[in-house]
There are 2 protein chains.
Amino acid sequence: MEDEVDRLVAAWRRERPDLDVEPLEVLSRVSRLARHLDRARRIAFSEHQLEPWEFDVLTSLRRAGDPYQLSPGQLLTQTLVTSGTMTNRIDRLAKKSLVERLPDPSDRRGVLVRLTAEGRDRADQALAGLLAQERAILSELSRTQRGELAGLLRQLTAPFDNIPG
Amino acid sequence: MEDEVDRLVAAWRRERPDLDVEPLEVLSRVSRLARHLDRARRIAFSEHQLEPWEFDVLTSLRRAGDPYQLSPGQLLTQTLVTSGTMTNRIDRLAKKSLVERLPDPSDRRGVLVRLTAEGRDRADQALAGLLAQERAILSELSRTQRGELAGLLRQLTAPFDNIPG
DNA sequence: GTCAAGTGTCTTGACATCAAGATAGTGCGG
DNA sequence: CCGCACTATCTTGATGTCAAGACACTTGAC
């Protein structure tokens, strides 16, 4: 089955036959698929009255395990947003009583963000919904293909995640 | 090499051993990689005084071929943004003389957006820069692997691109 | 022809994000 | 124990995006 990137690549080959546009076959698909996923996630989370950005923060804390707390800095590396954005997100989640801010006992510059009981429940519920939806999207592929795809993507993400980049 | 998603998945398996989080191995990598790519693109385009969103619109028109014009509606399906966003983008690009708006001769509700000569040059320059950067990112993979990856991703994007979704 | 439903674009208002810089606290070298 | 570079978080101001709806025009049924 053809997709929009096939059409895009064909158009470039016609308009710019001098260029090798092979990289777009992979990376344009990654960008476009991520955009489709964002939309699908937004719809899936609306059943739980959660925005995607709220889910990202709450589940980062949920994964940290008891007592479900991380510093804003740790949340930055997990969610790939800037520090100003994270301050704003924590403010809004705190106003909704899904997280609370505590002073870091070992560094007076620092803060710890802790999940409330309600925040934890909401994160757990939304995660189950997300996994169901993602499973549907991935049903196009066999288990073996999913494993191959994950491995190939890991090779591309690893440099970003390990070098300070 | 391990990446952030490996750590994320391991954390879920510890915290929620009752759930099958295998879908995250693929789709969380797609989302995170797209975010890294956005950042890299922003930096690459800044050499040409272009924002990523400007590049997306200009190259859609560039690919259309002479006379380099499309309707706002056609641009929506290529760039995956809402109509309000596209109106705003066209306004700003027109103010910078990179595109111009023409009435559609065959439908009086409609408009055609046409690339100016300067817009075309800027798009061509930025494309070359983008391809160079993408090639560097993809150098982690062999040509064969890139082909496999593109094929697997196509299976996931095709349903989104072909069903009206 | 005419009316209703559909389509294409734009407007509005709320809001999330970013880059850059401010502020406060840490901790090492001497 | 002092000074200075570094780190962690927050503030600010500009901007891009979205959802929802308004408006003008088109199209098909009758």
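Model, not experiment: these values are computed from the prediction. Throughout, protein chains are lettered first and strands after them, A, B, ... in sequence-line order, and every chain is numbered starting at 1.
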(request) Report the nucleotide, chosen from D/dC10, C/dC18, D/dC18, that has the shortest atom-to-atom distance to any side-chain atom of B/Val81. (result) D/dC18
(request) Describe, as an angle rounded to 10 degrees, how the axis at the first end of the helix from C/dG1-D/dC30 to C/dG30-D/dC1 is tilted relative to the axis at the last end, five pairs per end. (result) 30°
(message) I want to check something: taking the side chain as every heavy atom from C-beta on, are A/Glu4 and A/Arg32 in contact at a cut-off of under 4.5 Å?
(response) yes
(message) Check this one for me: any side-chain N or O of B/Arg35 less than 4.0 Å away from OP1 or OP2 of C/dC18?
(response) yes
Which atom pairs link the protein and nucleotides 1-8 of chain D when you take only N or O atoms and keep those under 3.5 Å?
unit_1: D/dT7; atom_1: O2; unit_2: A/Arg109; atom_2: NH1; d: 2.6

(request) Taking only Lys NZ, Arg NE, NH1 and NH2, and the carboxylate oxygens of Asp or Glu, determine whether B/Lys96 and B/Glu54 approach each other closer than 4.0 Å. (result) yes
(message) Does B/Thr82 form a side-chain hydrogen bond (donor to acceptor under 3.5 Å, both in side chains) with B/Thr85? I'd like the steps, not just the answer.
(response) CA-CA 5 Å; B/Thr82 60; B/Thr85 297; 3.1 Å; yes
(request) Using the six-membered ring of B/Trp12, assess whether NZ or CZ of A/Arg62 lies under 6.0 Å from its centre and within 45 degrees of the ring axis. (result) no
(message) Please list, in numerical order, the residues of residues 86-97 of chain A that have a heavy atom closer than 4.0 Å to any atom of DNA chain C.
(response) A/Asn88, A/Arg89, A/Arg92
(request) Consider only side-chain N and O atoms of B/Thr157 and A/Asp3, and report whether a donor and an acceptor are under 3.5 Å apart. (result) yes
(message) Whether B/Arg29 and B/Asp6 form a salt bridge (side-chain N of Lys/Arg under 4.0 Å from carboxylate O of Asp/Glu) is what I want to check.
(response) yes
(request) Give a yes/no on whether any side-chain N or O of A/Thr85 is located under 4.0 angstrom from OP1 or OP2 of C/dT17. (result) no
(message) Quick one about B/Gln78 and B/Arg63 (side-chain donor to acceptor, distance below 3.5 Å, no hydrogens or angles considered), yes or no?
(response) yes
